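These notes are about the structure you will find just below.
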2 protein chains.
Amino acid sequence: MLQLTKRSEYALIALVHMVDREGEVTSVRELCERYPLPKRLVAEVLKDLSHAGLVISQRGAQGGYSLAQAAESITLGQIVGAIEGAPALTNCDSIASTRDGGCEVHPVCPIRSPVERVREHLWRLFEATTLRSLVPAPHANREAVIQRLRESLAGSPSA
Amino acid sequence: MLQLTKRSEYALIALVHMVDREGEVTSVRELCERYPLPKRLVAEVLKDLSHAGLVISQRGAQGGYSLAQAAESITLGQIVGAIEGAPALTNCDSIASTRDGGCEVHPVCPIRSPVERVREHLWRLFEATTLRSLVPAPHANREAVIQRLRESLAGSPSA
DNA sequence: CAATATAGCACCGATTCAGTGCTATATGCC
DNA sequence: GGCATATAGCACTGAATCGGTGCTATATTG
């Protein structure tokens, strides 16, 4: 349906949360207290991110997860690939590419279906999107705006 | 799973096929003789494209479908939207946007989840991708390369 | 009228996904 | 040491979506 799975969504929320707390550890409990997320599922997702080397896990009391890389070097492609598995794109796997690994007729490739080319475009976009670019604004600023919104929404029965 | 549905894939194949035959009508039978596609499903897809105004249908014998617009003005977003339905993106539909239709804190929008922003990026890419850009090469050229590939793969002639 | 081809609707089987249960293991703190 | 906390691993279930099909009606050509 051309949409990210909930798992990927939770992964993004968790990672964005961790960007605000680089250096600290973030537990699943902490995440689920802050956002309305199913605890067990988030745990499953974080585990996958750990396997993919995007976060570092620390077991035991006071344990949790922290970013394994800088937010600038983690791409959306890595994240989604870690959770949903890399899309079967790899490269042009049509008959033309079975020769020597490369696609010999690449310049005018007549075999590559439009779908493959779309997926390639999409994946390039994902690889070019860093985790950092998904973090809306500095933490303090965000909290301030959220607070302001809460007040205006609670106070005015209009709208 | 972050991939186009088969329906969208069939739509793209059909539309690309029609680009090569602008002005002519293309029937479902013609499409399924040329590509190994399930006839009934392709018919369903073409019907949806017709409803969306992307192709024009002509009923009865010698009938079929033809492009309703130039290949340059049909976007991938329109196609996928017609088949799978527009992703529930519309705009920032968070609490911040319920004020006057527009998102008042857009510049530093703290509510918009990372997922929404990803979908927005993705959709922009789709809106910017024209049907024309998905057609690999001029028709004659393509046929020639296909023929050459068939020969080299078969080893023996007369495939 | 017959053949062709789209229009419309509803249905089924398979796959994928969201979410949970249970148990094991590692760490910090008393 | 013992307990609480927190991740590791595995498997399972219910629900939603998707791929594909059956059947019938309607329009057009000859």
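Letters go in sequence order (proteins before strands), and every chain restarts at 1. None of these values were measured; they are calculated from a predicted model. Values below: every heavy atom of this structure, side chains too, minus hydrogens, waters and symmetry copies.
Closest to the side chain of Y65(A), from the set dT20(C), dG19(D), dA8(D), is dA8(D). Of the candidate nucleotides dG28(C), dG19(C), dT29(D), dT29(D) has the atom nearest to the side chain of Q58(B). Of the candidates dT7(D), dT26(D), dG19(C), dT26(D) carries the atom nearest the R59(B) side chain, counting heavy atoms from C-beta on.
Of the residues near DNA chain C, K39(B) and E44(B), the one whose nearest nucleotide (by heavy atom distance) lies more toward the 5' end is K39(B). Residue A43(B) is the one, among P38(A) and A43(B), whose nearest nucleotide of DNA chain C lies closer to the 5' end (criterion: closest heavy atom). When each of L4(B) and S50(A) is assigned the nucleotide of DNA chain D bearing its nearest heavy atom, the one mapping closer to the 5' terminus is S50(A).
Under a cut-off of 6.0 angstrom, the local environment of CD in Q62(B) is sparse, with at most 12 non-hydrogen atoms contributed by other residues, nucleotides or ligands.
If you check the side chains of E127(B) and T75(B), you find a donor sitting under 3.5 Å from an acceptor.
Using a 4.0 Å heavy-atom distance criterion, K47(A) is classed as a base contact. At a threshold of 4.0 angstrom between heavy atoms, the contacts of R7(B) include nucleobase atoms, whether or not backbone atoms are also involved.
For the OP1/OP2 pair of dG8(C) and a distance below 4.0 Å, the side-chain nitrogens and oxygens of H51(B) include at least one atom meeting the criterion. Within the 4.0 Å cut-off from OP1 or OP2 of dT7(D), not a single side-chain nitrogen or oxygen of S27(A) is found. Regarding contacts with the backbone of dA18(C), every side-chain N or O of Y10(A) stays at 4.0 angstrom or more from both OP1 and OP2.
Every residue meeting the side-chain hydrogen bond (donor to acceptor under 3.5 Å, both in side chains) condition with E44(B), not counting sequence neighbours, appears here in chain and number order: K47(B). Looking at residues two or more places apart in sequence or on another chain, you find no side-chain hydrogen bond (donor to acceptor under 3.5 Å, both in side chains) involving E24(A).
Across the protein-nucleic acid pair, K6(B) atom NZ and dC18(D) atom C1' stand 11 Å apart, rounded to whole Å.
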